[in-house]
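First the structure, in the form of structure tokens, and then the observations on it.
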Amino acid sequence: MTKPFTEYCFSFGPWNIHEGTDPFGPAVRESFSFDEKVEFYRDLGFVGIQFHDDDIVPDIDETFNKGGHAQLMSRTKAVKTQIDNHGLTAEVVAPRLWESPLTIDGAYTANSAKERQYALERSKRCVDIANEIGCKNLVLWLAREGTYIRETKSSANAVGYILDAINALLDYDSEMRILIEPKPNEPMDMAYIPTIGHAIGLAYASDAPERVGGLIESAHAILAGLEPSDEMGYALYHKKLWSVHLNDQNGLKFDQDKAFGSVNLRRAFNQVRVLEENGYGRNGEFVGLDVKVMRTQPRHISTKHLLSSRRTFLNLLEKVRTFDKKVEQEFIAARDYEGLDFYILQHLLGL
Ligand code: XUL
Ligand code: MN
């Protein structure tokens, strides 16, 4: 048994504090500026920031077109100083490849060569930004790499396009790691890389398998009809679980990003259990959250979902650590899984 690990480091992204816009209604809260959000991290118990490239350099394409590479780097330097001053680290940086008019039909898998080229160039700029901010983890959420109707693209070619882009990025920077964040749908009807198994397949097929791994988001696994803790176990076995986005999801609908454990506490317990029992965090991996606050929440208390998700993780960690393994083994040896099932429920209820 490995020595208990006491200190998990937590991260979230600036987009997790938001204005409540949904597809059916506008913002319901005034924005907090990035400067204000940076102030919140430590107080909420977080030390890592998950970034998109344009969280660091707003209006990134316009800024690049007007001020060139130097402008991107000088803005990034300023953010680096700002986060250093708060004792914060950039956990990851991800190119936001899904908002540009050039990625309407996909980014790396767009049918137009010019659009694929844009996606790759923007990703390389993101690598430069990551380096400048002191981060070696590039996240690829392959948002628009999929289809609304199957006949518009070749799924086999699409896999090749994604792999070409990954290889080009690995070649561009020999130290950067790529973390693929799979998701089965939304915004697309069907995504080409829906699960961690698909992501890890790409990793092994890449030019530098040791630098390609995964980031598992609980809700994304649930949307794929899968058990998040088993998805995590799969990646942990391959030593490719390099980040997580813990949250929760109430069945098969839009990506809800609910507070961790708020739908299914036992499913959350099993995620904490698989992470803790397989040494997650010991090599500097962060416990990342990707949670949305409810639209109903007043602005001055619109960070509670972050506080509660982190606390739920720590509460469940306590449950994992105080679970009587001897009793568990006795139930398993007797093949009394009914007994074990009830024992777990009693433990979670504190009885
Ligand atoms: C989308 C999602 C993204 C990624 C980062 O569902 O989870 O926010 O985590 O690009
Ligand atoms: Mn996510």
Side-chain angles (χ1 to χ4, degrees), residues 10-19 21-23 37 46 48-58 60 90-100 103 106-108 119 122-123 125-127 129-130 133 135 137-146 162 165-166 169 177-196 198-199 213-224 226 228 231-232 235 241-250 252-260 268 271 285-293 305-306 309-310 313:
F10 294 86
S11 72
F12 71 85
W15 70 91
N16 286 156
I17 301 172
H18 57 93
E19 298 76 25
T21 312
D22 72 17
K37 290 179 186 179
F46 291 77
I49 308 187
Q50 303 160 20
F51 278 116
H52 292 110
D53 50 2
D54 59 358
D55 294 320
I56 300 172
V57 184
I60 188 167
E91 186 215 353
V92 293
V93 186
R96 202 192 296 270
L97 292 172
W98 49 95
E99 289 189 357
S100 163
T103 58
Y108 307 137
R122 170 130 177 204
S123 305
R125 291 199 279 277
C126 184
V127 169
I129 288 171
I133 208 153
C135 173
N137 290 326
L138 187 81
V139 164
L140 295 182
W141 169 44
L142 301 167
R144 297 201 185 273
E145 316 305 0
I162 296 170
I166 288 172
L169 293 171
R177 301 196 308 175
I178 295 177
L179 286 63
I180 301 171
E181 180 179 351
K183 182 176 180 182
N185 62 285
E186 199 201 43
M188 308 311 290
D189 176 40
M190 295 284 181
Y192 287 130
I193 308 299
T195 73
I196 200 65
H198 292 80
L215 180 165
I216 295 179
E217 175 165 325
S218 325
H220 296 179
I222 296 163
L223 286 170
L226 299 170
E231 288 286 275
M232 289 172 188
L241 189 62
W242 297 345
S243 189
V244 291
H245 280 178
L246 300 184
N247 58 18
D248 215 344
Q249 172 74 27
N250 192 11
L252 300 183
K253 50 185 87 169
F254 63 95
D255 183 13
Q256 295 182 299
D257 296 338
K258 289 168 87 76
F260 182 54
Q271 291 171 68
E285 301 90 354
F286 280 75
V287 175
L289 301 176
D290 193 356
V291 285
K292 279 195 196 91
V293 70
H305 59 312
L306 293 159
S309 293
R310 178 177 174 278
F313 181 93

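The structure presented is a predicted model; accordingly, all values stated were derived computationally and were not measured. Counting starts at 1 for both ligands and their atoms, in listed order.
Checked against the 6.0 Å centroid threshold, H52 and W141 do not count as a close aromatic pair.
In the model, N247 has a side-chain atom that pairs as donor or acceptor with a side-chain atom of D257 under 3.5 Å.
A side-chain donor-acceptor contact under 3.5 Å links S309 to the backbone of F260. Between the side chain of D248 and the main chain of K258, no donor-acceptor pair closer than 3.5 Å is present.
Around the Mn ion (ligand 2), the protein N, O or S atoms found under 2.8 Å comprise E181 OE2, E217 OE1, H245 ND1, D290 OD2.
Test F286, F51, F46 against F12 for ring-ring contact (aromatic ring centres under 6.0 Å, His included) and you get one pass: F46.
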List below, pair by pair, the N or O atoms of ligand 1 and of the protein that are less than 3.5 Å apart, including the distance to 0.1 Å; reply 'none' if no pair qualifies.
from	atom 1	to	atom 2	distance (Å)
ligand 1	6 (O)	K183	NZ	2.9
ligand 1	6 (O)	H220	NE2	3.0
ligand 1	6 (O)	D255	OD2	3.0
ligand 1	7 (O)	E181	OE2	3.0
ligand 1	7 (O)	E217	OE1	2.8
ligand 1	7 (O)	H220	NE2	3.4
ligand 1	7 (O)	D290	OD2	2.9
ligand 1	8 (O)	D290	OD2	3.4
ligand 1	9 (O)	E181	OE1	2.7
ligand 1	9 (O)	E181	OE2	3.0
ligand 1	9 (O)	H245	ND1	3.1
ligand 1	9 (O)	D290	OD2	3.1
ligand 1	10 (O)	H52	NE2	2.8

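When the side-chain hydrogen bond (donor to acceptor under 3.5 Å, both in side chains) test is applied to N137, the partners found at least two apart in sequence or on another chain are R177. Under the ring-ring contact (aromatic ring centres under 6.0 Å, His included) criterion, H245 pairs with no residue at all, not counting sequence neighbours.
Ion pairing between a basic and an acidic side chain is recognised when a charged N comes within 4.0 Å of a carboxylate O; K292 and D255 show no such pairing.
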Q. Going through the distances and angles, do R122 and D53 end up as a salt bridge (charged side-chain N to carboxylate O under 4.0 Å, His left out)?
A. CA-CA 9 Å; R122 170 130 177 204; D53 50 2; 2.8 Å; yes
